[in-house]
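Heads up: the structure comes next, in structure tokens.
Only heavy atoms go into these numbers, but all of them, side chains included; no hydrogens, no water, no symmetry mates. Sequential numbering from 1 along the given sequence is applied to the chain's residues. The structure displayed is predicted, hence computed values, not measured ones.
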Amino acid sequence: MKFRNIFWGVILVFVGVLFLLQNFDVIHFEWVSLWRLWPVILILWGVSIIPTNNWIKTGLVVLILSLTVYFMIDQSVRWNDQENYNFEAWDDYDSDVDQAYSLGYEDSIPMAILSLDAAAGSFIIGPATDNLLDFETKGGKVKYNYNLSKTDSITRIKIEREGVNIGHKNNKHEVLLKLNEDPTWELNFDAGASAMDFDLSNYKVSKLDIDGGAASFKIKLGSEYEITTVNIDAGASSIEIMVPETSGCDLKISSVLTDRSLKGFEKTDHGHYRTSNFEEAENKIYLNVEAAVSSYSIIRY
């Protein structure tokens with residue numbers, strides 16, 4: 001039997017088993033971890049051209065793929081620790097707050113636009129605040145500056161990293177954002193390799209734009225605003241979006257090598273889905289997702 005046939009057969013079985021185990025919740029891995037493992041392709045290619053016995057090659061391929069699975073599961077546990085971060089734990093956190101500031105709220109602010117240049121790390125939008133915005137960071141070496149500008153109808157908040165921060169320790173830092181529930185919000189995030197956990201269910205969100213790399217997104221939307229538009233452009237990502245059952249939802253998605261879950265959606269065209277209540281729903285949510293290697297699910301609650 002030709003090694004080439006064995007080689008690609010093992011690869012296909014490996015990928016299929018991963019998808020199957022994840023679908024049945026036996027294991028859980030993030031595509032962000034898989035994206036980091038691209039050098040494995042070079043290693044497997046190198047093994048395939050080594051001038052040695054085919055069974056030795058096969059054994060090396062199985063060993064490499066087994067180590068890859070172990071790495072992915074280990075990374076999944078670490079990402080889940082970030083994603084399941086307990087908001088209340090911030091009050092009892094062992095280390096000092098690295099950076100914190102609050103922007104005061106005025107009743108005359110009908111709309112607020114927040115733009116955040118995010119580094120690698122964990123970003124959380126948590127409970128509401130009486131201020132316009134509360135911002136806290138912990139861990140890592142990333143520092144942020146902010147700029148506030150106002151017109152009669154719009155308040156703009158721009159938060160940017162201070163300088164250029166390079167290094168693996170940056171992904172250990174955590175950012176907690178708290179917003180005021182009264183204004184209508186437009187949120188823009190330019191993110192790298194990040195874990196984002198956004199509970200926006202009690203906020204009036206007109207627009208959410210996320211431009212991310214290898215990332216993990218957990219976003220919960222509400223029905224506080226008539227029309228909400230969400231645009232996500234990401235690389236290797238795990239995407240989970242929760243939308244209210246009472247809201248009509250329109251989804252346009254473009255992705256490759258995708259594991260998806262779209263319960264409650266009906267396909268209207270290639271890459272286009274809608275909930276059955278879209279036309280008659282009082283509140284509507286438009287989701288536009290572009291991702292490379294991805295795993296995504298849209299959950300109605």
Side-chain angles (χ1 to χ4, degrees), residues 78-150 154-205 207-213 215-220 222 224:
R78 297 184 184 183
W79 275 90
N80 285 336
D81 287 343
Q82 286 183 320
E83 292 179 341
N84 296 325
Y85 194 83
N86 183 1
F87 299 132
E88 296 179 356
W90 279 72
D91 297 331
D92 301 319
Y93 198 78
D94 291 336
S95 63
D96 295 333
V97 174
D98 294 324
Q99 191 175 10
Y101 51 79
S102 298
L103 305 181
Y105 176 68
E106 299 174 4
D107 294 338
S108 59
I109 301 177
M111 182 173 185
I113 300 176
L114 170 63
S115 299
L116 173 61
D117 179 16
S122 178
F123 296 83
I124 300 167
I125 295 181
T129 177
D130 291 333
N131 295 311
L132 176 61
L133 176 144
D134 290 338
F135 181 92
E136 293 184 11
T137 68
K138 293 177 181 177
K141 298 181 179 180
V142 181
K143 299 297 181 183
Y144 294 89
N145 295 321
Y146 75 88
N147 178 268
L148 181 67
S149 61
K150 299 180 181 180
I154 300 175
T155 296
R156 288 181 169 85
I157 309 161
K158 189 172 184 179
I159 302 175
E160 296 181 300
R161 286 174 289 172
E162 181 180 316
V164 178
N165 298 277
I166 300 175
H168 69 281
K169 291 184 178 181
N170 288 341
N171 62 6
K172 295 181 180 180
H173 90 292
E174 298 165 335
V175 176
L176 174 63
L177 289 163
K178 297 180 181 180
L179 310 177
N180 192 290
E181 294 181 353
D182 291 338
T184 299
W185 284 93
E186 181 178 315
L187 306 171
N188 305 298
F189 291 86
D190 187 358
S194 306
M196 295 188 170
D197 191 343
F198 295 167
D199 185 352
L200 302 171
S201 56
N202 293 322
Y203 297 112
K204 292 179 283 189
V205 179
K207 188 176 182 181
L208 170 63
D209 280 356
I210 300 177
D211 187 359
S216 173
F217 305 110
K218 292 181 68 176
I219 301 169
K220 185 177 182 180
E224 299 298 318

- Compare every heavy atom of G104 with every heavy atom of L132, then report the nearest pair and how far apart it is. CB-O, 3.6 Å
- Run the salt-bridge test on K150 and E106 with the 4.0 Å N-O cut-off and return the result as yes or no. yes
- Message: Contact between Y144 and D117 at the side-chain level, heavy atoms closer than 4.5 Å - yes or no?
- Response: no
- Item | Between NZ on residue K158 and CG on residue L148, distance to nearest 0.5 Å | 13.5 Å
- Query: Does any non-hydrogen side-chain atom of D211 lie less than 4.5 Å from one of N188?
  - Reply: no
- Message: Taking D199's backbone N and O only, do any of them form a donor-acceptor pair with D197's side chain (distance below 3.5 Å, no angle check)?
- Response: no
- For the residue pair F135 and Y101, does the interplanar ring angle fall in the parallel (under 30°), tilted (30 to 60°) or perpendicular (over 60°) class? parallel
- Query: How far does CG of L116 sit from CZ of R161, to the nearest 0.5 angstrom?
  - Reply: 9.0 Å
- Straight-line distance of S149 OG to I113 CD1, nearest 0.5 Å: 8.5 Å
- Could you go step by step and tell me if L208 and F189 meet the side-chain contact (heavy atoms from CB on, under 4.5 Å) rule? CA-CA 8 Å; L208 170 63; F189 291 86; 4.1 Å; yes
- Task: Just jot down the side-chain hydrogen bond (donor to acceptor under 3.5 Å, both in side chains) partners of N180, sequence neighbours excluded, or say none.
- Result: none
- Side-chain heavy-atom pair L187, F198 within 4.5 angstrom cut-off: no
- Item | CG-CD1 distance between D190 and I210, expressed to the nearest 0.5 angstrom | 11.0 Å
- Query: Is there side-chain contact between T129 and L179, with at least one heavy-atom pair below 4.5 Å?
  - Reply: no
- State the CZ-OG distance between R156 and S115, to the nearest 0.5 angstrom. 8.5 Å
- Message: For Y105, run the side-chain contact (heavy atoms from CB on, under 4.5 Å) check against D182, D130, L133 and tell me which one passes.
- Response: D182
- Taking the side chain as every heavy atom from C-beta outward, state whether Y203 and E224 have any pair of such atoms under 4.5 Å apart. no
- Message: Looking at every non-hydrogen atom in both residues, tell me the closest pair between D134 and S102 and how far apart they are.
- Response: OD1-OG, 2.6 Å
- Taken to the nearest 0.5 Å, the spacing of E174 CD from F123 CZ works out to 10.5 Å
- Message: Any non-hydrogen side-chain atom of M196 less than 4.5 Å from a side-chain atom of K218?
- Response: no
- Does any non-hydrogen side-chain atom of M111 lie less than 4.5 Å from one of I109? no
- Donor + acceptor pair across side chains of D98, T137 (<3.5 Å): no
- Flag, side chain of E186 to backbone of V205, donor-acceptor distance under 3.5 Å: no
